[in-house]
Amino acid sequence: MKTPYAVTEGREFSKLERMMIWEKPASHQTGEVELRVASEIKENWDDPELKIFNVLLEGDAGSGKTELAKALSYQLQLPYTKVTCFADMDKSDVFGALLPVTENREEDGELLEAIYQTDSLQAVLDLVARHFSLTQMAAKEKLAQLVERIENTAANPVQYRFYPSEILRALEKGYLLEIQEPTVIRDASVMVALNSALEANGMLNTPTGLVRRHPDCVVVITTNRNYQGTRPLNESLRDRMQHAEKMDLPPLEVMVSRGAAKTGFDQEEPLTIMGKVIRLLEETAKANAIKGVAGMRSYFYWVNTVKQGQDPLITLYPKVLYKLTTEPSELSLLEDALAKSGLLKDLSAWYHGRNLQAFKEGRRLSQAEADARNITEEATTLVGTSDEANSDSKEATEETDSLAETAPVESDTSKEAMKLPDSEEHSDAVSQSATGTDAEADEAVHTGATAKELAEQEKTLKKQLNQKARKLFKGTSHEKEGLIIHRPKATGENQREAQALLGEIRPQVAPIIKKLKEILENEVSVDFSRGQYTGTRFDASRVAYEDFRTFSKKNPPQEAPSLAIGLRVDESGSMVREGRLSAAQKATMGVLSFSKELDLPLMIYGDTADLSSREKTSIYSYKEFSDDYQNVPGKLMTMKPRQNNRDGVPLRLLAEALTKEAATTKVLLSISDGQPKALPDYTGKKAREDIQQVIADYERQGVIFLAAAIGEDQEIIREIYGEHRFLDISDLQHFPEELVNLLARYLD
């Protein structure tokens, strides 16, 4: 293939030489350095005084030195060959050596020629097989025959012949020669011999005469910097280089593009984060004199594990960190640097929030396997029996609070100095007792408690929630903000409205829930059927039976739910626009149906700010984790646009509650239409830092944050939460379906 930088136009190559010209693979990313070096060599090729024929590539392992040398073979269209130097290298390795010649001189000469083009046994066999068009087995036999003839010196006296080294052959025939790591050579005389070969018209004196350097020969020396076992590069050799490149890790965007091309994994966000991790580790290692290397090779192999679905925080160690060092004190330095950077938090958030693969439906036997095992049909489901799990109710405990005397009262009918509109004056109507309503009567029947007992339970719970909340915010900037948690009450009318709304969204979310129920097979259940041909769980204890009944249909009753959800709905005044609150209500109803049908822990809070000067933050507890689902739909119908929003408070309350749940995955979803803003100065940098601090505090504890933005401040919300936590909701009509689909991906 002709390239713009080819220097061998009109030159005839043998079949073997054409094979030696490097072919650029599809994964190769042509870089700026490659084109620049090739261009300079081409432009000066015909200038006898300033021709570039010796190039030095010096840098850390994994920085792409050999890849660049091969790329120059492609760009210049020169056959590529290489020599890897070693400590005990002597002059014979530079010039060549006298080797035995057997009776079958012509055939053995070709065979020995092929052998000395290689540097490993497998490479010898590959070349012999290719050169003589043999199979691997036939190549082994041919090589064995040669060895036998050489060893049989009594019957066949051996003669000797000079065979040139790969260095000499490349110089004589005009190849691109890569000399790897000459800095490890101990014998100074070998370096002197190399210097002679590096001259423009250099000559080497061999037993068969002088060999002059071919005018097309380009030598590329690749060497690491200051590694154990190396020596400073010989000054005279360095001076003979017409061009030198300092090979470091490429720019981040180049790392990302090369990683995507090399592995076929094209998700930019994790590629970028992982590239930043590699760069940080490399810098930290150098700063602390850690000898290992975090380079492109480590990056490629680490990215490949993510492509295969492995957790990057686990594979970071065998693919990157342990290649740098296994010394505990040095590992601690690297881990501290990563912890301070926050990169692993971002990577963890991406990994746990990624689009998970479709749920696996259990392994089904192929027809061939079934025939081989003499199986004609699947066994019927065996219904296991187990005692009903004892559900221990959480005992409410009275908590004392030093802030109790300063806590604001829970209603304020006077108009405030900030002149709130009459329609928005705080009346807390939804939190007043609704004893005797249809909804409360239904709840009394459902729980077996009287309306009076229910009212007492609600009062106690409300008191406990307020005390815990004030204790949580003690010592923070929200301590004096007058936080009150309300427990909304639903009327019969609210429940009827809720049923109508559920009827609207059921066609969107019901198919998703039905599919998930079939896949999960009643995840929290006292029934547990083992010994199935298919199922959602692999049962390793059944493998020994060798009957392929290695799956289970249901989870043991002691297993924790796989997903807990905390849902926050912004009830600020701007939610009145364009049906935003209605869309949020529908989406919340969808999540409620999803969680109820799959028996997942769910907590729902609404919030607003500045209802009065004494109640700066108002939280509406529509459902706690400990609540059942009775009357929750009706309570959600009491949502309404109110005043401002102080986002950090509800987020911290929900995140704290999530940390107490036993679920393996904990998702906190915030639905909001605008940036946080509350009196007197909760906005801008202060609000952003408050929210980001909540995220930082609780992501370390396994909480996944997602922000659904449904208003004009989407870019501000994106900036606050970060790209990987941001959901752009542009179609409010399909918001419930999208939200349920999203949460479904987090089920283990």
Side-chain angles (χ1 to χ4, degrees), residues 269 272-273 276 339-350 352-353 418 469 472-483 566-575 577 580 584 605-611 616-619 641-659 666-730:
E269 181 183 358
T272 301
I273 298 172
K276 290 179 179 178
K340 290 177 182 177
S341 72
L343 290 171
L344 294 188
K345 282 197 309 181
D346 293 339
L347 190 58
S348 176
W350 170 82
H352 292 291
M418 56 182 171
L472 178 64
F473 289 103
K474 188 175 182 179
T476 72
S477 59
H478 302 292
E479 180 179 2
K480 305 294 185 181
E481 295 297 344
L483 166 65
L567 182 59
R568 175 255 175 170
V569 180
D570 172 13
E571 294 189 47
S572 61
S574 58
M575 289 287 282
R577 303 175 191 168
R580 295 173 186 172
Y605 273 6
D607 66 276
T608 191
D610 304 324
L611 284 179
K616 293 293 186 67
T617 305
S618 305
I619 303 293
R642 304 176 196 271
Q643 286 295 325
N644 296 324
N645 51 313
R646 194 182 305 273
D647 297 18
V649 175
L651 291 178
R652 187 171 289 275
L653 286 169
L654 284 163
E656 180 69 19
L658 278 167
T659 62
K666 305 168 186 181
V667 176
L668 197 166
L669 177 65
S670 172
I671 302 175
S672 176
D673 75 326
Q675 60 181 305
K677 185 179 295 183
L679 297 174
D681 58 353
Y682 190 83
T683 188
K685 181 180 179 181
K686 180 177 180 180
R688 180 169 61 252
E689 290 178 349
D690 181 44
I691 295 171
Q692 291 173 344
Q693 186 60 54
V694 175
I695 294 173
D697 289 346
Y698 288 96
E699 276 189 339
R700 287 194 291 264
Q701 301 180 58
V703 177
I704 300 168
F705 288 79
L706 298 173
I710 58 176
E712 65 272 13
D713 287 338
Q714 289 181 346
E715 288 307 311
I716 297 176
I717 295 176
R718 186 199 304 267
E719 179 185 349
I720 293 174
Y721 284 85
E723 183 69 37
H724 60 278
R725 305 184 190 95
F726 175 79
L727 307 174
D728 185 351
I729 306 301
S730 54

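- Here CZ of Phe726 is found 11.5 Å from CG of Leu706. Values are rounded to the nearest 0.5 Å.
- Across all their heavy atoms, Ala609 and Ala678 have their closest contact at CB-CB, 3.9 Å.
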In sequence, state the C-alpha distance, the side-chain angles, and the governing distance for Thr683 and Arg688, and then conclude on side-chain contact (heavy atoms from CB on, under 4.5 Å).
CA-CA 7 Å; Thr683 188; Arg688 180 169 61 252; over 6 Å; no

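- Salt bridge Arg646/Asp610: present, at least one basic N to carboxylate O contact under 4.0 Å.
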From CA spacing to verdict: salt bridge (Lys or Arg N to Asp or Glu O under 4.0 Å), Lys474, Glu479:
CA-CA 5 Å; Lys474 188 175 182 179; Glu479 180 179 2; over 6 Å; no

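- Taken from CG in Leu658 to CG in Leu653, the straight-line distance is 11.0 Å, to the nearest 0.5 Å.
- Of the possible donor and acceptor atoms, one in the side chain of Gln692 sits under 3.5 Å from a partner among the backbone N and O of Ile720.
- Proximity of a side-chain donor or acceptor of Gln714 to a complementary backbone N or O of Ala709 within less than 3.5 Å is detected.
- Identified under the side chain to side chain donor-acceptor pair (under 3.5 Å) test for residues 339-349, with sequence neighbours left out: none.
- A donor-acceptor pair shorter than 3.5 Å cannot be found between the side chains of Ser572 and Asn644.
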Run the numbers on Val649 and Leu483 for side-chain contact (heavy atoms from CB on, under 4.5 Å), then give the verdict.
CA-CA 9 Å; Val649 175; Leu483 166 65; 4.0 Å; yes

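- Ring centers of His478 and Tyr682: under 6.0 Å apart, within the cut-off.
- Listed here is the closest heavy atom pair of Leu651 and Tyr721: CD1-OH, 3.3 Å.
- The CG atom of Asn645 lies 5.5 Å from the OG atom of Ser672; values are rounded to the nearest 0.5 Å.
- Look at Asp647 and Arg568 and you find a salt bridge, because one of the NZ, NE, NH1 or NH2 atoms lies within 4.0 Å of a carboxylate O, short of that distance.
- Put simply, the side chain of Gln693 never gets that close to the backbone of Glu689: no donor and acceptor are under 3.5 Å apart.
- Ionic pairing of Lys686 and Asp681 is present here: one or more N-O contacts between side-chain nitrogen and carboxylate oxygen are shorter than 4.0 angstrom.
- A salt bridge links Arg725 with Glu699: at least one charged nitrogen is closer than 4.0 Å to a carboxylate oxygen.
- In this structure, Lys276 NZ and Leu343 CG are separated by 6.5 Å, a value rounded to the nearest 0.5 Å.
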So Val569 and Tyr605, side-chain contact (heavy atoms from CB on, under 4.5 Å) or not? Walk me through it.
CA-CA 6 Å; Val569 180; Tyr605 273 6; over 6 Å; no

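- In terms of heavy atoms, Gly648 sits closest to Ile691 at N-CG1, 4.2 Å.
- Nearest heavy-atom pair across Ile729 and Ala708 is CG1-CB, 3.9 Å.
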Does the pair Arg652 and Tyr698 meet the rule for a side-chain contact (heavy atoms from CB on, under 4.5 Å), with working shown?
CA-CA 8 Å; Arg652 187 171 289 275; Tyr698 288 96; 3.5 Å; yes

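- Partners of Thr608 under the side-chain hydrogen bond (donor to acceptor under 3.5 Å, both in side chains) rule, at least two apart in sequence or in another chain, do not exist in this structure.
- Between Asp570 atom CG and Asp607 atom CG the span is 6.0 Å, to the nearest 0.5 Å.
- Taking every heavy atom of both residues into account, Ser574 and Arg580 meet most closely at O-NH1, 3.6 Å.
- In terms of heavy atoms, Ser618 sits closest to Leu611 at OG-CD1, 3.2 Å.
- A distance of 6.5 Å separates CG of Leu669 from CG of Leu727, quoted to the nearest 0.5 Å.
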